[in-house]
Amino acid sequence: MAKPEWHEMNLNVIKEFRENGGKVGGHFQGADVLLLHTIGAKSGEPRMVPLVYSKDGDRWVIIASKAGLPTNPDWFHNLVAHPDQVEIEVGTERHQVRAVRQEGAERKRLYDAQAEKMAVFKDYEAKAPREIPVFTLEKR
């Protein structure tokens, strides 16, 4: 269960995202942000979370860093359980996508590319007692 302060922060980011055509400020100022729509792994209920992303060709890349905490974020489990029931909002567009977990050298390449754009991801990787999962989101 998400902490109430994270939930409230996410609601504010989602509101700002939709009011400004996908642009947000605060901690996400200048970052590329998308809204990830998933189906709850346990509940089967719709879920939505704002995430920083990067692009790799025509794929969107998202990283399950959870700020380097020991566990994966809830949305990670949702993608694993329902990889074909994913939708994203990017700017003012919506896309049906398939989530593909990346492994090995490809995972490292994609993670390192994001860490070059946002150095905080280097901190997350150093702090996390787990390998941080990386997903690509591919149009269906």
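What's counted below: heavy atoms across the whole structure, side chains too, no hydrogens, waters or symmetry copies.
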- prompt: Rounded to the nearest 0.5 Å, what separation is found between the CZ atom of R140 and the CZ atom of R98?
  reply: 9.0 Å

query: How far apart are the closest heavy atoms of L35 and F17, and which atoms are they?
result: CD1-CD2, 3.5 Å

- prompt: Just by modelled atom types, is the G25 backbone N or O under 3.5 Å from a matching donor or acceptor in the E16 side chain?
  reply: yes

- request: Compare every heavy atom of A41 with every heavy atom of A81, then report the nearest pair and how far apart it is.
  value: CB-CB, 3.8 Å

query: Can you tell me if NZ on K117 sees more than 12 non-hydrogen neighbours from other groups inside 6.0 Å?
result: yes

query: Quick one: are R18 and E89 in side-chain contact, heavy atoms under 4.5 Å?
result: yes

field: NZ/NE/NH1/NH2 to OD/OE distance under 4.0 Å, K127 and D123
entry: no

query: Under a 4.0 Å N-O cut-off, is there an ion pair linking E116 with K122?
result: yes

- prompt: Would a distance-only check, ignoring hydrogens and angles, find a side-chain to backbone donor-acceptor pair under 3.5 Å from R130 to L69?
  reply: yes

query: Rounded to the nearest 0.5 Å, what separation is found between the CE atom of M48 and the CG atom of L11?
result: 8.0 Å

message: Exactly one of T38, I62, L51, V97 should register a side chain to side chain contact (heavy atoms under 4.5 Å, CB included) with I88. Which one does?
response: V97

query: With under 30° as parallel and over 60° as perpendicular, where do the rings of F121 and Y111 fit, or are they tilted in between?
result: perpendicular

- prompt: Do the side chains of L137 and Y53 get nearer than 4.5 Å, heavy atoms only?
  reply: no

field: Side-chain donor or acceptor of R101 paired with backbone N/O of R107 under 3.5 Å
entry: no

- request: Could you tell me the separation between the CD atom of Q114 and the CD1 atom of I63, rounded to the nearest 0.5 Å?
  value: 5.0 Å

message: To check you understand the geometry: which heavy-atom pair defines the closest contact between G40 and H82, and what is its length?
response: O-NE2, 3.6 Å

- prompt: Are V90 and V49 co-members of a hydrophobic cluster defined by side-chain heavy atoms under 4.5 Å apart?
  reply: yes

- request: Is it possible for you to say whether V86 and W60 belong to one hydrophobic cluster, with membership spreading through side-chain heavy-atom contacts below 4.5 Å?
  value: yes

query: Between CZ of F28 and CE of M9, what distance do you get to the nearest 0.5 Å?
result: 5.0 Å

task: Salt-bridge test for E106 and R59: reply yes if a basic N is under 4.0 Å from a carboxylate O, no otherwise.
output: yes

message: If hydrophobic clusters are built by linking Ile, Leu, Val, Met, Phe, Trp and Tyr wherever their side-chain heavy atoms come under 4.5 Å apart, do V134 and I132 end up in the same one?
response: yes

task: Locate the shortest heavy-atom distance separating A64 from N72; write the atom from each residue and the value.
output: O-OD1, 4.1 Å

query: Looking at R47 and E45, does any basic side-chain N land under 4.0 Å from a carboxylate oxygen?
result: no

- prompt: Would K55 and D32 satisfy salt bridge (Lys or Arg N to Asp or Glu O under 4.0 Å), going step by step from the backbone distance to the final call?
  reply: CA-CA 9 Å; K55 287 287 284 186; D32 293 321; over 6 Å; no

query: When clusters are formed by joining ILVMFWY residues with side-chain heavy atoms under 4.5 Å apart, either directly or through shared neighbours, do L34 and V100 land in the same one?
result: no

Beyond-backbone contact of P50 with V24, side-chain heavy atoms, under 4.5 angstrom: no

query: Can you tell me how far CZ of F135 sits from CG of L79, rounded to the nearest 0.5 angstrom?
result: 5.0 Å

message: How long is the straight-line distance from CZ of F76 back to NZ of K66, given to the nearest 0.5 Å?
response: 11.5 Å

- prompt: Are D56 and T136 side-chain neighbours, meaning at least one heavy-atom pair lies under 4.5 Å?
  reply: no

query: Hey, any chance W75 and I39 share a hydrophobic cluster, counting ILVMFWY side chains that come within less than 4.5 Å of each other, even indirectly?
result: no

